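I have placed the structure first, in the form of structure tokens, so that the comments after it can refer back to it.
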Amino acid sequence: MTSDIQSGAAEASIPSVTARVHKFALGAPAASAFFLGDTLAVVGTEEAVTLIRGLDQTERIEVAFGAILCAASDGKRLLTGGDDGKVTAIDASGTATTIATDAKRRWIDNVALHPDGAVAWSAGKTAFVRMPKGEEKSFDVPSTVGGLAFAPKGLRLAIAHYNGVTLWFPNMAAKPDVLEWAGSHLGVMFSADNRFLITAMHEPALHGWRLSDGQHMRMTGYPGRVRSMAWTVGGKGLATSGADAVIIWPFATKDGPMGKQPAMLAPLQARVTAVACDANAEVLACGYSNGVVLMVRIGDGAEILVRGEGSPVAAVAWAADGETLAYACEDGEVGVLPL
Amino acid sequence: MSSPASEKVPVTVLTGYLGAGKTTLLNRILSENHGKKYAVIVNEFGEIGIDNDLIIGADEEVFEMNNGCICCTVRGDLVRILGGLMKRRGKFDAIIVETTGLADPAPVAQTFFVDEDVQNNARLDAVVTVADAKWLSDRLKDAPEAKNQIAFADVIILNKTDLVTPAELAEVEARIRGINPYAHLHRTQRCQVALADVLDRGAFDLDRILEIEPEFLEGSDDHDHDHDHEHCHDPHCGHDHHHGDHHGHGLKHYHDEHMQSLALSSDKPLDPKKFMPWLQQLVATEGQKILRSKGILAFSGDDDRYVFQGVHMMLEGDHQRPWREDEPRLSRVVFIGRDLPEQAIRDGFDKCIAA
């Protein structure tokens with residue numbers, strides 16, 4: 001992952017919109033953030049989700065007795081899983097529904113949502129799917145589930161685990177496909193066009209498969225584990241955290257990133273911790289371990305400062321219409337920037 | 001991103017063969033009024049008779065890392081569980097990881113060397129092994145896991161001493177010392193040991209590597225001194241002989257056929273340009289056999305003590321503090337392992353002495 005690193009973004013020397021950011025203090029650490037329509041949902045590390053509507057209204061919703069271990073959203077609903085064995089769905093109105101409670105009160109390690117309304121979660125080695133009509137199915141993989149993602153088409157669930165990913169069709173009796181690659185696979189995501197499947201590994205690396213033929217794609221060179229991945233507008237690139245710059249792997253061609261160098265944007269003297277992409281424009285937002293949040297134009301790397309140094313950034317999120325950007329930090333600071 | 005060592009949550013690894021008394025000790029730790037709250041990662045729910053939402057079941061998933069290091073295995077479930085527990089950081093003071101009776105402690109320890117998140121938030125405090133005074137001698141013969149657990153330990157709780165005669169106790173202690181003369185050994189009934197002797201030991205803390213002496217030479221307070229200390233003392237142990245006054249106790253000599261410790265020392269300074277490559281090469285080639293390693297080193301032209309410790313192929317080291325005026329600049333290195341190529345190690349070490 002060698003590339004020419006431009007001079008670091010000195011805070012004073014780049015345009016700043018920090019004065020336009022509306023700040024909120026949760027009073028407890030934040031872990032992730034999602035827009036449900038124009039409502040921002042900030043997931044805490046423990047107990048509650050805070051909904052922020054407009055620029056002044058906040059609502060705290062209790063979802064777990066202990067830690068909130070995972071969260072996912074389809075832009076309409078937010079799904080959380082807790083160490084109390086509960087899977088909870090929340091909508092923008094603030095209605096919380098318990099989807100499931102693990103019979104043995106095991107930790108819910110992963111959750112995923114399907115656009116059709118199906119939801120998935122995992123506890124230990126078992127992945128569960130609840131269909132829109134309420135029917136529930138489960139599937140056991142050989143080791144603890146590291147990540148879950150629904151394919152964009154059909155009802156197909158990718159279950160990441162040690163030494164690969166299992167692709168399970170919950171509605172079909174057929175034997176699931178297994179994509180093998182040695183090592184522990186944690187995060188997992190499909191490309192929007194259903195051509196590629198990407199995992200974030202326990203090692204500081206990504207692994208990818210071209211689903212048409214199982215062609216492997218190794219994406220290595222990170223100094224730290226990749227925790228945050230987001231597709232740039234049109235699925236042309238995969239923006240990732242884990243390095244001292246945003247690493248964007250090219251996915252526009254049928255070979256994906258094979259044999260190509262990734263783009264490196266917005267280098268700082270700090271680790272990128274979170275990335276999110278505007279779904280409408282060639283712009284991304286990224287947060288760093290030193291608290292800085294930047295908006296970055298993908299074409300030329302131009303940067304705008306959204307937040308200066310402070311508590312490490314846990315999450316960044318764009319509203320689907322691209323009109324609002326938000327960030328959430330480990331100390332509970334949340335910023336909302338109308339664009 | 002990385003917390004200072006003092007803010008990292010200490011993690012105690014509790015091992016021991018089946019039925020030795022791990023659960024008894026855990027129940028004591030959880031029920032005694034010590035003002036501390038522990039999160040406990042257990043391999044089987046239900047054995048612990050205490051209701052606590054910080055008791056978490058584990059699966060003992062041992063994962064190989066893709067880093068070309070063949071014995072580099074980690075506990076994947078531990079990475080996940082510690083990550084989840086860190087979300088509730090303010091709710092407990094320390095973490096205890098119980099392993100199954102058949103588990104190898106190495107993947108647990110290696111997790112703390114390999115995983116960045118674990119390293120940033122938690123620190124390995126000590127490996128505590130509970131052993132059954134009545135049955136350990138037998139298990140050392142037929143169960144390699146039991147031998148591993150003794151060899152790996154920083155603290156050994158020799159439990160159920162009321163079920164054996166003084167002679168049998170002496171025998172089992174001698175066998176333990178034949179494998180691991182460096183661990184702190186406590187004789188107990190029903191695991192009645194001061195918890196301060198088990199928890200917060202700092203055994204993996206480089207700043208607290210003070211001395212590397214066989215533990216029985218320290219005259220630890222909880223030992224009965226009215227009977228003979230019997231322990232391994234043979235050329236393979238390689239102890240220095242400057243504690244010769246301890247040798248008059250009618251020692252019983254045991255040497256385990258496969259698992260042993262090897263101590264090296266030099267009062268001449270070592271050449272860091274020779275020693276470090278030698279040590280790295282040694283653990284790279286013989287790391288599968290070396291369970292634990294530790295050293296305090298005096299390098300030529302360096303007024304600081306250099307300390308290191310390792311688990312199999314993994315090493316970490318640092319300058320610790322300046323040598324004191326009144327302190328002999330003695331380099332000491334200890335390896336505990338199985339079938340160690342003793343002569344080759346001794347020869348290699350000797351070549352590291354600065355010219």
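Remember, it's a predicted structure, so these values are computed and weren't measured experimentally. Residue numbers begin at 1 in each chain, while the letters A, B, ... track the order of the sequences.
Rounded to the nearest 0.5 Å, atoms CD1 (B:Ile56) and CG (A:Asp83) are 7.5 Å apart.
Each of B:Arg88, B:Met86, B:Lys87 was evaluated against A:Thr45; a single residue qualifies, B:Lys87, per the side-chain contact (heavy atoms from CB on, under 4.5 Å) test.
A:Tyr162 places no side-chain N or O within donor-acceptor distance of the main-chain N or O of B:Gly76, the cut-off being under 3.5 Å.
At most 12 heavy atoms of other shown residues, nucleotides or ligands fall within 6.0 angstrom of atom CD in A:Glu180. With a 6.0 Å radius and a threshold of 12 heavy atoms from other residues, nucleotides or ligands, B:Lys91 has its NZ atom above the threshold.
Interface remark: of the candidates A:Glu47, A:Arg227, A:Met201, A:Arg227 forms the most heavy-atom pairs closer than 4.5 Å to chain B.
In this structure, B:Phe63 and A:Asn163 have side chains that are not in contact, with every pair of non-hydrogen atoms separated by 4.5 Å or more. Using a 4.5 Å heavy-atom threshold, the side chains of A:Leu186 and B:Arg80 count as separate.
Considering every non-hydrogen atom in both B:Gly84 and A:Ala67, the closest pair reads O-CB, 4.2 Å.
The existence of a salt bridge linking B:Glu116 and A:Arg271 is confirmed by a sub-4.0 Å separation between a basic side-chain nitrogen and an acidic carboxylate oxygen. Using a cutoff of 4.0 Å between basic side-chain nitrogens and carboxylate oxygens, B:Asp59 and A:Lys125 are not scored as salt-bridged.
Using a 4.5 Å cut-off between heavy atoms, A:Ala31 touches chain B through its side chain atoms alone. Heavy atoms closer than 4.5 Å to chain B are found in the backbone of A:Ile68, but not in its side chain. Contacts of A:Asp109 with chain B are made by side-chain atoms alone, with heavy-atom separations under 4.5 Å and no backbone atom involved.
Between the side chains of A:Ser143 and B:Glu61, no donor-acceptor pair is found at a separation under 3.5 Å.
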